[in-house]
Amino acid sequence: MFALVDVTSMYASVEKIYNPNLRNKPVMVLSNNDGCVVAACPIAKRLGFKKFVPYFQVKEEAKKAGVVVCSSNYELYADVSSKMFSVMSQFCDELHEYSIDEAFMRFSPRLHDSEWLALGYEIRKTIWREVKLPVGVGFGPTPTLAKAANHAAKKLDGFRGSAVINTQQEKQALLPRMAVADVWGIGGRLEKRLMAMGINNAYTLSQQSPAKMRKYFSIVLENTVRELQGELRMTWDEIRPAKKEIYSTRSFGKRVTTQDELRAALATHAEIATKKLRAQHSLAHSATFFAANSPHDDSRYVKQSALSSFAVPTNDTRHIIHAASDALNKLFIPGVRYYKVGVGLLDICDEKYRQDDLFTPSTDNSALMAVLDSTNARYGRNTMHFGARGFQQNFAMKRDFLTKRATTRWEEIPRIKC
DNA sequence: TCTGGGGTCCTAGGACCC
DNA sequence: TCTGGGGTCCTAGGACCC
């Protein structure tokens with residue numbers, strides 16, 4: 001049996017943990033640079049505020065409605081998230097963290113559906129007691145059904161946070177009440193095409209012939225249909241396979257116009273992406289670097305990119321930073337007001353295929369990179385970093401409504417007056 | 001003052017090669 | 001009258017997720 005646990009409006013809920021004054025107020029959290037709304041608590045949602053809308057478009061409305069607006073406080077969310085995952089792992093055989101606010105659990109015992117349901121309430125209660133986060137729990141014999149049950153647990157009347165979709169009766173009772181776009185893997189475009197074929201809820205989708213879905217759409221949709229029918233298509237390892245591409249990109253807090261700033265930003269992204277690459281024990285054969293101005297600015301949209309290939313695949317940050325430096329000449333155009341840059345590591349393979357170049361001295365720097373990673377893990381992110389990144393970052397993201405980093409900064413730990 | 005997220009996978013089609 | 005293929009690499013952009 002699988003379960004999917006996720007947090008109700010995670011970012012907004014975390015803000016309410018450390019600022020009790022917010023608990024009965026509508027709260028919204030913004031993305032990087034205070035660009036878009038990325039979380040709205042249930043109270044804000046009821047007032048009509050939605051996710052992924054540019055903030056400046058709803059700014060006035062939010063002010064009028066008394067919505068409290070916060071910038072993203074990632075340090076805090078990541079810390080609370082890891083606490084929650086450690087609580088969750090006590091309940092299951094295996095846990096796969098799927099994103100900052102949700103995880104799949106795998107169970108080997110065979111229980112009755114009523115017992116699963118009760119376990120769901122137990123998990124909810126425990127997470128509330130230990131971390132003060134509201135979660136929904138959904139159980140199913142496949143990850144796609146667990147995800148659907150989670151949707152039912154949170155959205156359908158009468159469930160209050162826990163649901164099971166296992167038997168035929170449960171499928172018949174719950175799937176017809178779920179829109180086809182709410183199925184995991186069905187986005188806006190597929191929804192349109194499916195609706196045109198008369199497939200307008202999760203149950204009708206589950207009744208389709210897998211072969212037909214493969215013929216008209218793709219193997220991805222075929223697997224979704226089979227999983228809705230209860231056939232396991234995604235092995236446990238496939239829920240989170242090694243990534244084939246790793247990107248680090250960010251928009252600047254303000255426009256950037258100098259080559260030095262661009263270089264420093266690229267080096268920063270090279271560090272972040274390469275660290276992720278090492279964390280999944282992989283090497284990259286090539287890397288892409290890009291820089292662009294804003295498509296929303298008046299000037300012509302400019303996006304430059306440069307690809308570097310490595311004779312020997314690497315996860316050495318220095319190799320990526322060197323390549324970034326070479327790419328800079330192609331990326332930088334004087335006069336362009338850069339809005340966004342990024343680094344992508346491509347053509348990724350497992351590090352067990354590491355092979356030295358026959359004609360140059362050993363390129364295995366894994367010991368050096370291990371020291372870098374373990375130092376930063378022990379003494380904090382960025383304790384040790386590359387000079388190419390510069391020592392003064394003028395392009396830090398805009399976070400005008402940042403709350404206190406209550407669990408990760410000594411000077412911002414909450415004080416209780418007696 | 002000015003404002004529009006970040007990440008991954010997949011594929012069509014252009015450019016280039018012989 | 002009818003006539004030029006097949007392969008690889010790269011990029012841009014679509015689609016999906018949170």
Side-chain angles (χ1 to χ4, degrees), chain A residues 4 6-12 28-40 50-60 62 69 71-72 74 77-78 81 97-104 143-144 147 150-151 180-194 217-221 223-224 238-255 269 272-273 276-277 280 282 284-290 292-298 301-309 330 337 339-348 397-401:
Chain A
L4 179 81
D6 79 342
V7 182
T8 308
S9 351
M10 166 86 176
Y11 294 177
M28 285 191 328
V29 181
L30 307 180
S31 64
N32 281 328
N33 294 318
D34 297 337
C36 291
V37 176
V38 286
K50 294 193 166 66
K51 285 205 276 185
F52 307 121
V53 173
Y55 170 54
F56 74 93
Q57 289 178 3
V58 293
K59 191 174 173 179
E60 285 309 314
V69 173
S71 299
S72 280
Y74 289 110
Y77 310 152
S81 162
E97 295 173 19
Y98 179 71
S99 73
I100 193 162
D101 80 318
E102 65 186 297
F104 284 98
T144 306
K147 194 89 171 153
N150 177 282
H151 182 266
V180 72
D182 290 330
V183 175
W184 194 27
I186 311 289
R189 299 303 285 260
L190 276 176
E191 178 193 26
K192 251 189 199 156
R193 291 173 60 194
L194 288 167
F217 298 92
S218 67
I219 189 165
V220 181
L221 194 61
N223 286 339
T224 299
E238 280 168 358
I239 295 173
R240 249 189 25 156
K243 291 181 177 51
K244 297 174 176 177
E245 298 178 343
I246 293 174
Y247 277 84
S248 174
T249 65
R250 201 117 311 165
S251 39
F252 296 114
K254 58 176 194 207
R255 301 291 188 260
H269 292 302
I272 295 169
K276 287 185 190 168
L277 184 67
Q280 71 162 32
S282 299
H285 280 90
S286 57
T288 182
F289 306 91
F290 72 89
N293 63 2
S294 169
H296 306 295
D297 281 359
D298 288 338
Y301 181 52
V302 177
K303 184 173 176 182
Q304 299 285 312
S305 75
L307 186 82
S308 297
S309 296
K330 187 178 168 193
R337 295 174 72 238
Y339 158 72
K340 191 173 189 170
V341 291
V343 173
L345 303 176
L346 312 173
D347 205 355
I348 290 174
M397 68 171 116
K398 189 176 143 192
R399 294 200 282 186
D400 286 347
F401 318 105

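So you know, we letter chains A, B, ... as the sequences are listed, proteins then strands, and number each from 1. All figures in this text were calculated on a predicted structure; none of them were measured in a lab.
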Audit row: A:S251, A:Y339, side chain to side chain contact (heavy atoms under 4.5 Å, CB included) steps and yes/no: CA-CA 6 Å; A:S251 39; A:Y339 158 72; 3.8 Å; yes
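A:T288 is not listed as a side-chain neighbour of A:V343, based on a closest heavy-atom distance of 4.5 Å or more. Counting heavy atoms from C-beta outward, A:L194 and A:F217 have side chains that approach closer than 4.5 Å. The closest side-chain heavy-atom distance from A:L346 to A:Y247 is below 4.5 Å. Taking the side chain as every heavy atom from C-beta outward, A:S294 and A:R255 approach each other to under 4.5 Å. Residues A:N150 and A:E102 have side chains not in contact (no heavy-atom distance under 4.5 Å, counting atoms from C-beta outward). Using a 4.5 Å heavy-atom threshold, the side chains of A:L345 and A:K276 count as separate.
Counting only Watson-Crick or G-U wobble pairs whose defining distances are both under 3.5 Å, the stems of 3 or more consecutive pairs in DNA chain B are B:5-18 with C:5-18.
Applying the 4.0 Å criterion to OP1 and OP2 of C:dT11, one finds that A:T288 has every side-chain N and O outside that range. Contact annotation: A:R337 does not reach the phosphate of B:dC2 (side-chain N/O to OP1 or OP2, under 4.0 Å).
As judged by a 4.0 angstrom heavy-atom cut-off over every strand, A:S294 is placed among residues making no nucleic acid contact. Heavy atoms of A:R193 sit nowhere under 4.0 angstrom from any nucleic acid atom.
Distance, A:D297 CG to B:dT3 C1': 10 Å, rounded to whole Å. Across the protein-nucleic acid pair, A:D34 atom CG and B:dG5 atom P stand 11 Å apart, rounded to whole Å.
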Reading 5' to 3' through nucleotides 13-18 of chain C, protein heavy-atom contacts under 4.0 Å coded B for base, S for sugar-phosphate only, - for none: --SSSB
Where do N or O atoms of nucleotides 6-10 of chain B meet protein N or O atoms at under 3.5 Å, pair by pair?
unit_1 : atom_1 : unit_2 : atom_2 : d
B:dG6  : OP1    : A:N32  : ND2    : 3.2
B:dG6  : OP1    : A:S251 : N      : 3.2
B:dG6  : OP2    : A:S251 : N      : 3.4
B:dG6  : OP2    : A:S251 : OG     : 3.2
B:dG6  : O3'    : A:R250 : NH2    : 3.0
B:dG7  : OP1    : A:R250 : NH2    : 3.0
B:dG7  : OP2    : A:T249 : N      : 2.7
B:dG7  : OP2    : A:T249 : O      : 3.0
B:dG7  : OP2    : A:T249 : OG1    : 2.6
B:dT8  : OP2    : A:Y247 : N      : 2.4
B:dT8  : OP2    : A:Y247 : O      : 3.4
B:dC9  : OP1    : A:K244 : N      : 3.1
B:dC9  : OP2    : A:K244 : N      : 2.9
B:dC9  : OP2    : A:E245 : N      : 2.7
B:dC10 : OP2    : A:K244 : NZ     : 3.1

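Looking at every heavy atom in both residues, A:K330 comes nearest to A:A306 through CD-CB, 4.0 Å. Listed here is the closest heavy atom pair of A:H269 and A:G342: CD2-CA, 4.3 Å.
Mapped onto DNA chain B by nearest heavy atom, A:D400 and A:G35 fall at different nucleotides, with A:D400 at the one closer to the 5' end.
No donor-acceptor distance shorter than 3.5 angstrom exists from the side chain of A:S31 to the backbone of A:V38, with no hydrogens or angles considered.
Ring orientation note: the planes of A:F401 and A:Y55 are nearly perpendicular, at an angle over 60° on the 30°/60° scale.
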